[in-house]
Amino acid sequence: VSLQMMKHAWDNYKRYAWGLNELKPISKQGHSSNLFGNIQGATIVDALDTLYIMEMKEEFKEAKEWVEKNLDFNVNAEISVFEVNIRFVGGLLSAYYLSGEEVFRKKAVELGEKLLPAFNTPTGIPWALLNIKSGIGRNWPWASGGSSILAEFGTLHLEFVHLSHLSGNPVFAEKVMNIRKVLNRLDKPEGLYPNYLNPSSGQWGQHHVSIGGLGDSFYEYLLKAWLMSDKTDEEGKKMYYDAVQAIETHLIRKSSGGLTYIAEWKGGLLEHKMGHLTCFAGGMFALGADGAPNDKTGHHIELGAEIARTCHESYDRTSMKLGPEAFRFDGGVEAIATRQNEKYYILRPEVIETYMYMWRLTHDPKYRQWGWEAVEALEKHCRVDGGYSGIRDVYNNHESHDDVQQSFFLSETLKYLYLLFSEDDLLPFEHWVFNTEAHPLPVLHKDNENKEENQ
Ligand code: DMJ
């Protein structure tokens, strides 16, 4: 089924928005997001590996030809370093490792080089935004006192390690190792990492801590850096398990109805809200269970299972059976969005991602059932003639479509659904880690770094 869904999403993108970043499936035209500046083709690059894995050979070939002829980084464009890294660098790296086609390696390294000026700050903590022509960077104007964002500068590690590996140029890995050095020198309030860090002073901005937006994939990349290094990156391992310990103590709570959730921390006070983005953490806890210290393996799996259950409830308690952007545990509600501007669903993957990890790691059939419920809801409410669209209010009985087919729907949501219903030997976890945009990167095995098994 996910293959049919991918075909519908891809065919319509091709028909109405080919070469542009994303598709508007209702108005049947291209959608451009300023996250990518003038770089074009986000959906193509994000979808390459999904096409490959689903064996959509014709489509993969067309996509590859587009990359060869049209993917151009010599543009005057201000881009988000994080978004371009996870979608474009990550997408190209995976396409290279899966297919072995040199063009993807070349383009990934070329783009990586364009991103390097972002690190020209007093601390080496990169800017959020970079003009890839002039090399001038800056931060989001809304970010606490000129800060860079934890989930942005903390989500470069996996891709940059691979860029060094593939180019033979150590500079990429050096840049991301320095980020860790800066973080390890700083005092952490209660052992937690605030979402804001000033790249000039090297000091934290506001003390907001989140495992959802602004924080999320930083934690994910600590764990995955350790896994991707064939468990040799002891520093990443320690940072991950220490962080999880602090998260459990200060952020994880159980509602009176028995649902475990991860709250947000603002200068010592808890906001009892969990984002859809935060739902990825169920899969992360389960993936990290195996290496957990002090016999905590079972506990981390259980934590993953509880987060999966809570996130499933956030879907089940809506009329469309699709989860809201954020849900709360206060004012008498549990796992329900209370604010109008938190009721939307934009085809995000995190809940299905967690089902996929929980399925692979426990084989409890309920995760496939829950995934199937999501497929039915997507088909009923998000599928339109011209592709798939997000929904403005999942508690309403009538769809109000937002008219965007996000590129991560093809790279993540549909890929995780496909993997949820595939055998475990498709991209097995011993050999592959998924970047935060679901692009698989090979584990760099200790003895035989480039062996066939990586291919
Ligand atoms: C994706 O770009 C990535 O999963 C990122 O980590 C978070 N936001 C979207 C999906 O929701």
Side-chain angles (χ1 to χ4, degrees), residues 9 21-23 31 33-36 39 41-50 79-94 128 140 149-160 195 210-225 262 264 274-284 287 307 311 314-315 322-327 342-357 374 378 382 388-391 394 402 404-417 419 433-441:
N21 279 326
E22 290 174 319
L23 164 69
H31 172 71
S33 147
N34 52 8
L35 298 172
F36 317 120
I39 301 182
T43 295
I44 298 179
V45 178
D46 235 0
L48 281 165
D49 54 8
T50 308
I79 51 100
S80 155
V81 174
F82 160 78
E83 295 288 353
V84 165
N85 176 62
I86 66 170
R87 302 193 203 207
F88 285 83
V89 179
L92 291 165
L93 287 172
S94 283
W140 298 105
I149 306 285
L150 183 69
E152 298 200 320
F153 65 76
T155 311
L156 304 168
H157 199 101
L158 304 182
E159 296 80 2
F160 276 53
N195 292 335
S210 172
I211 313 308
L214 309 183
D216 49 10
S217 39
F218 161 69
Y219 304 95
E220 175 185 353
Y221 271 35
L222 294 175
L223 171 64
K224 290 180 176 175
I262 314 179
E264 311 244 324
M274 185 162 168
H276 192 288
L277 291 165
T278 321
C279 288
F280 91 98
M284 177 179 74
L287 181 66
I307 298 298
C311 292
S314 81
Y315 274 49
L322 291 167
E325 180 68 4
F327 43 94
E342 295 177 347
K343 295 183 178 172
Y344 63 89
Y345 171 69
I346 55 169
L347 305 172
R348 287 200 193 280
E350 292 77 18
V351 175
I352 292 168
E353 173 181 353
T354 278
Y355 296 162
M356 191 280 294
Y357 281 102
L378 285 165
C382 301
Y388 288 87
S389 167
I391 299 278
V394 290
D402 71 0
V404 182
Q405 178 175 285
Q406 305 279 346
S407 77
F408 54 67
F409 182 65
L410 293 90
S411 72
E412 296 198 69
T413 312
L414 295 178
K415 187 188 288 130
Y416 286 135
L417 275 173
L419 292 173
V433 297
F434 293 88
N435 93 337
T436 197
E437 188 79 0
H439 295 306
L441 300 171

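Each ligand, and each atom within it, is numbered from 1 in the order the structure gives. Heads up: numbering here begins at 1 and tracks the sequence.
Judged by distance alone, the side chains of Ser389 and Asp402 do bring a donor and an acceptor atom under 3.5 Å apart. Looking only at atom types and distance, the side chain of Glu350 has no donor-acceptor partner in the side chain of Tyr416 under 3.5 Å away.
Taking the six-membered ring for Trp and the full ring otherwise, the centers of Phe88 and His439 sit at least 6.0 Å from each other.
Between Phe434 and Tyr357, the ring planes lie perpendicular to each other; the angle is over 60°, past the 30° to 60° tilted range. Aromatic ring orientation, Tyr315 versus Tyr345: perpendicular (interplanar angle above 60°, classes split at 30° and 60°).
Ser217 contributes no side-chain N or O that, together with a main-chain N or O of Glu220, makes up a donor-acceptor pair within less than 3.5 Å.
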Please tabulate, one line per pair, the protein N or O atoms found under 3.5 Å from any N or O atom of ligand 1, giving the distance to one decimal.
residue, atom, partner, partner atom, Å
ligand 1, 2 (O), Glu437, OE1, 2.5
ligand 1, 4 (O), Glu412, OE1, 3.4
ligand 1, 4 (O), Glu412, OE2, 2.6
ligand 1, 4 (O), Thr436, O, 2.9
ligand 1, 6 (O), Thr436, OG1, 2.8
ligand 1, 11 (O), Arg348, NH1, 2.7
ligand 1, 11 (O), Glu350, OE2, 2.7

